[in-house]
Amino acid sequence: MSVEYENYLRMNKFPHYWCPGCGNGVVLKAFIQAVDELGWKNNDIGMVTGIGCSSRASGYVDFNTMHTIHGRALAVATGIKMSNPSKHVVVFAGDGDASAIGGNHLIHACRRNIDITLIIINNWIYGMTGGQYSPTTPTGTIATTMPYGNADPDFDLASLTIGAGATFVARSSVADPIILKNYIKKALTHKGFSVIDAFSNCHIQWGRKNKFGDPVKLVEHIKSVTVSAAKAKKMSPEELKNLFVTGVLYEDKDKKEYTESYFDMVKRAQSQTKGGR
Amino acid sequence: MKRAVVANGNEMVVEGAIDAGCRFFAGYPITPSSEVAEGMARKLPKLGGVFLQMEDEIASIACAIGGSLGGEKTMTASSGPGISLKQEGVGLACIAEIPLVIINAMRGGPSTGLPTRIAQSDIMQARWGTHGDHPAVALCPGSVAECYTETIRAFNIAEELRTPVYVLSDAFLAHLSTKVELPGKEELKIANRLRPTVKPEEYYPYDTRFGDIPPLADYFSGYRFHVTGLNHDKTGFPNIDPVLQESEEERLINKVLKRQEAISTYENYKLEDAQIVVVAYGSNASGAKEAVDAARESGIKVGLFRPITVWPFPSIPFQEVAASAKQIIVTEVNLGQIVYEIERIMLGGRAVTEIRNGNLIFDTRHPRSSAELSTVLQANGTPIRPNQILSQIKEVA
């Protein structure tokens, strides 16, 4: 069944703002396909974004949308979700937005296990500001603020979010849009904090400096540095070095979701005749 | 029916917020405002509301902004350093026009400064803290009882003007337990934001068809719209047209300025025949009153002008007072903040009633003051004592 994209997009906001060949559109498309398959109503979906190329996504979708300030999307989304716990809240963020300036909010959204889906468009670079290195820029590669090769270790956002307490973490890339859509769908229906680490191509700001100025070449490169969980099982740690495993990397259906925990506490408070201690 | 309770300023802020209809709080522990969070944590769950202790100050204001868009009356509370951290969020609430109340129990600074000690350190932070041109509303309760009434008023202004509003208490008021008399609940005026009545497809979040403060829909209420921290047009989408942005930037500020006669409250105390005018606000005004009373007993014609709203400053009422004064004494628990506003007004700086096409429109009703200006300032962590103010009154009498 084909998706009527016009039902989900603010068509008068096109053409979009992203560079030709950008992976952001692939991730947005996968997200809309997932929403369509789930049959969710536009009125019931909130999308919150921070600052960066990927954060412009909130302007294109016909939901309840907010484009906030750099790094704070998850904190704003937490407020929106807590005031409307029955509604669906989704955050789109870039790697820098989510894990650098927004790192503290990321850790604590994971810890609370609040029912929000975070889709990180991880293209290894600050694209909008002109190609500065982010926490996920591969070590050794070139960025405008690492002109001699990135000295920083890079961040594995799946490991980070699993460690911080997220209960659904999956990684895929724009090279596998159908798999990406399937993971996003699982993430959206997961009760708890879910994270999609979506590797994407910024051939303009990262690629051109690193001999991947062609989007097809860069998508091929993303393929070459990722390996599916099934294949990874058969590989040695030595072989897996410098590779990112894709797949549903973590799923926990038992940890209590935060709005439930909170409103259970509300029930406890309301059943007590005396004030809280 | 009036109610009498024993409480401190932080507890009265909590009572005021609850009675104003606040059902959503996000905060972070900090001295001397922590009891505001603790009080909300006790009360809100019982009322089915949301209390969140967030991971930091920035998250707290961001979360409160989200809650407000979700349809709740929301509040956050902090003190000096925490308020510094919140400034980016204040700007977002200003430009996106999201109602929000921010409690600042002021303490000594800069930096960690004097966390447990009184200061009135953030008068200018409340006015200019966030970057860019923006409106500012800041209320400054002068007593524990006013911590209650001014918090309610802050919610009313925030809701009616779609803007963040500060309540500036201080370490002294925050922790001063005293008997307070509160107005009866039936006397309270509670305002709620204007919500749209048009069809969803005709709704725009910054549509000035119905006035300069557009109705604000709740998220998920069927009115799907976009909000951004970027300058935007009536639809809420980014826009860089200079003509539109000039009028929108001006509208943001004008919506406060045009209502300043109603917002900018003040108290005139024994000013009828006063030749000496003491200007004091917040908890410092109680010591100033004592000094005025003592000076009156020795026959000195002195009175007190107390701004209750510090931003926008009640310039016109102050000009009326200053026009006939010979001496003006400004006292504040800092090394000079509101005194600069006072000096500006005395030198003929008029109240700005509006910004129109890049021009500041001044109120021209009142002449400049020929009074002498002196100060009693202190930022050492202790309150200014009535005797210090009395000596200055006698000095200039």
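These values consider heavy atoms only, across backbone and side chains, with no hydrogens, waters or symmetry-generated copies. Labels below follow one simple rule: chain letters A, B, ... track the order of the sequence lines, proteins then strands, and each chain is numbered from 1.
- Contact tally against chain B (heavy-atom pairs below 4.5 Å) for A/Ile45, A/Asn43, A/Val266: the top residue is A/Asn43.
- Ranking A/Asn42, A/Thr68, A/Val76, A/Val48 against chain B, the residue ahead of the rest is A/Val76, based on heavy-atom pairs under 4.5 Å.
- Without hydrogens or angle criteria, A/Asp95 side chain to A/Asn123 main chain gives a donor-acceptor distance under 3.5 Å.
- Here B/Asp19 pairs with B/Arg3 in a salt bridge; the nearest charged N to carboxylate O distance falls below 4.0 Å.
- Contacts between B/Ile95 and chain A at a heavy-atom distance below 4.5 Å are absent for every atom of the residue.
- Ranked by non-hydrogen atom pairs under 4.5 Å with chain A, the options B/Ile61, B/Leu52, B/Asp218 are led by B/Leu52.
- Looking only at distances, a side-chain donor or acceptor of A/Glu257 sits under 3.5 Å from a matching main-chain atom of A/Glu260.
- Heavy atoms from other residues, nucleotides or ligands lying under 6.0 Å from CG of B/Asp133 number 12 at most.
- With hydrogens and angles disregarded, no donor-acceptor distance shorter than 3.5 Å links the side chain of B/Ser68 to the backbone of B/Ala64.
- Only the side chain of A/Arg10 comes within less than 4.5 Å of a heavy atom in chain B; its backbone stays farther off.
- In this structure, chain A has a heavy atom under 4.5 Å from the side chain of B/Phe24, while its backbone stays farther away.
- A donor and an acceptor atom, one from each side chain of A/Thr136 and A/Asn122, are located under 3.5 Å apart.
- Residue contact with chain B, scored on non-hydrogen atoms closer than 4.5 Å, involves the backbone of A/Phe63 exclusively.
- For the residue pair B/Gln87/B/Gln125, the side-chain donor-acceptor check at 3.5 Å is satisfied.
- When each of A/Ile107, A/Thr49, A/Ile69, A/Leu74 is checked for heavy-atom pairs under 4.5 Å with chain B, A/Ile69 comes out on top.
- Most heavy-atom pairs under 4.5 Å with chain A, from the set B/Gly91, B/Gly49, B/Ala26: that is B/Gly49.
- With salt bridges taken as basic N to acidic carboxylate O contacts below 4.0 Å, none links B/Lys234 and B/Glu248.
- Between the side chain of A/Ser99 and the backbone N or O of A/Gly96 there is no donor-acceptor pair closer than 3.5 Å.
- In this structure, chain A has a heavy atom under 4.5 Å from the side chain of B/Glu72, while its backbone stays farther away.
- For B/Phe237, the part sitting under 4.5 Å from any heavy atom of chain A is the side chain, from C-beta outward, and nothing else.
- In terms of modelled atom types and a separation under 3.5 Å, the side chain of A/Asp97 and the main chain of A/Gly71 share a donor-acceptor contact.
- For B/Tyr223, the part lying near chain A is the backbone, with the side chain staying farther off; criterion is any non-hydrogen pair under 4.5 Å.
- Proximity to chain A involves both the backbone and the side chain of B/Ala59, based on heavy atoms less than 4.5 angstrom apart.
- Contact count against chain A (heavy-atom pairs under 4.5 Å) is highest for B/Cys63 among B/Gly236, B/Pro238, B/Ala217, B/Cys63.
- In this structure, A/Val91 and A/Ile119 have side chains that are not in contact, with every pair of non-hydrogen atoms separated by 4.5 Å or more.
- Aromatic pair A/Tyr17/A/Tyr60: centroids not less than 6.0 angstrom apart.
- Ranked by non-hydrogen atom pairs under 4.5 Å with chain A, the options B/Leu47, B/Leu44, B/Ile58, B/Leu69 are led by B/Ile58.
- Top candidate by heavy-atom pairs under 4.5 Å with chain A, chosen from B/Gly222, B/Gly89, B/Gly229, B/Ser221, is B/Gly222.
- For A/Arg112, the part lying near chain B is the side chain, with the backbone staying farther off; criterion is any non-hydrogen pair under 4.5 Å.
- Only the side chain of A/Lys13 has a heavy atom closer than 4.5 Å to any heavy atom of chain B.
- In this structure, chain B has heavy atoms under 4.5 Å from both the backbone and the side chain of A/Asn104.
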